[in-house]
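Report on one structure; see the data block that follows.
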Amino acid sequence: MTRRTLWWSAFHLAAAVTGIVAAHALFTAVTG
Amino acid sequence: VERHQRRSDGVDVGGHLLLFASTAGLAGAITTIFLSARSVMEIGGSCASGGPYVIANPCPRGVPWLLMGSIMGGLVLALVMSVAATRVGAPGLAWLAWPGLFLSLGWNFWEFGLDPPFGGSVEWGWIMCGALFVAMGAGPVLLALPGVAQTTSDRPTRITARAASVGARVRATTTPPPFRPSADPIPSTPGAGLVDELERLDALHRSGGLTDEEHAAAKRVLLGGGR
């Protein structure tokens, strides 16, 4: 696995986790 | 005109931020669809909101808007993500939204189908939906596996190599031998040996067709001594 692959994997993983956590928080806030 | 925001070392900060935000937004949209579907399935699988009628099964608060917004927003964000990935030279991963969406919804169908929240043993309608969604979601992932991709991409190369091999064999059997101008001033008869050639040369010399010098020179050529 090249450094470039590692970098973009970590980048996309971090973004996806951020989005998932934010969506959970938003959903809980809206639906109660 | 370069309008992208770039630092002095050439990194496209704006492009990276756009890619991060659109990836996070797309993952968030899929998560919202997943959670919305679960909240509806928990109350039986269908609901309604608004309108002039008395609703037997009202939707959980905010879910219709969340669901619509995340579907529309997810489509737009997938497009933005693809554009941003191209802009910064990142691998295109927006297609993962497809298996992400269908596999997560398929999970919901299996979970609630095997253990329905409203009683009963197994809800076969949801199981069938689950099987369909998992197949739709897993298909692209299986195609994208390294082994499968390599086999597919190698196929044209193998075909080209085979065609080249066949072409070379056809040329080898149909192409006449290259023309080699003979250094022999006397045309040779096919199958005639060196002795025959020398005898014909002597006969020509005796009949006066060749001078002594010409005969000697031709003889040297025939014997491989050059001109």
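A, B, ... follow the sequence lines: proteins, then strands. Residue 1 opens every chain. Just so it is clear, the values below take in all heavy atoms, side chains as well, and ignore hydrogens, waters and symmetry mates.
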Cut-off 4.5 Å, heavy atoms of chain A, and the answer for B/S39 is side chain
Sort B/L66 into side chain, backbone, both or neither according to what part of it lies under 4.5 angstrom from a heavy atom of chain A. side chain
Closest heavy-atom pair and its distance - A/A23, B/G28: CB-O, 3.3 Å
Assert top hit (heavy-atom pairs under 4.5 Å, partner chain A, pool B/V88, B/L35, B/V63) equals B/L35
So which of B/S70, B/S36, B/G100 has the largest heavy-atom pair count under 4.5 angstrom toward chain A? B/S36
Report the option among B/S22, B/G89, B/G25 that has the most heavy-atom pairs separated by less than 4.5 Å from atoms of chain A. B/G89
Please classify the contact between B/P60 and chain A as side chain, backbone, both or neither, with a heavy-atom cut-off of under 4.5 Å. neither
Least distance between heavy atoms, B/F20 atom then A/T18 atom: CZ-OG1, 3.8 Å
If one checks every heavy atom of B/L96 against chain A at 4.5 Å, the contacting part turns out to be neither
Applying a strict 4.5 Å limit to non-hydrogen atoms, the region of A/A22 in contact with chain B is neither
Just how far is it from atom CG of A/L13 to atom CG of B/L93, taken to the nearest 0.5 Å? 11.0 Å
Within a reach of under 6.0 Å around CH2 of B/W95, are more than 12 heavy atoms found that belong to other residues, nucleotides or ligands? yes
What closest approach, in Å, do B/A90 and A/H12 show between heavy atoms, and which atom pair accounts for it? CB-CE1, 4.4 Å
Could you please spell out the steps behind the side chain to side chain contact (heavy atoms under 4.5 Å, CB included) verdict for B/L19 and A/F11? CA-CA 9 Å; B/L19 180 60; A/F11 182 94; 3.6 Å; yes
Between B/I30, B/T31, B/T32, who has the most heavy-atom pairs with chain A when the cutoff is under 4.5 Å? B/T31
B/H16 and A/W8 aromatic ring geometry - parallel, tilted or perpendicular at 30°/60° bounds: parallel
Only pairs of heavy atoms separated by less than 4.5 Å count here; which of B/A29, B/A21, B/A27, B/A24 has the most with chain A? B/A24
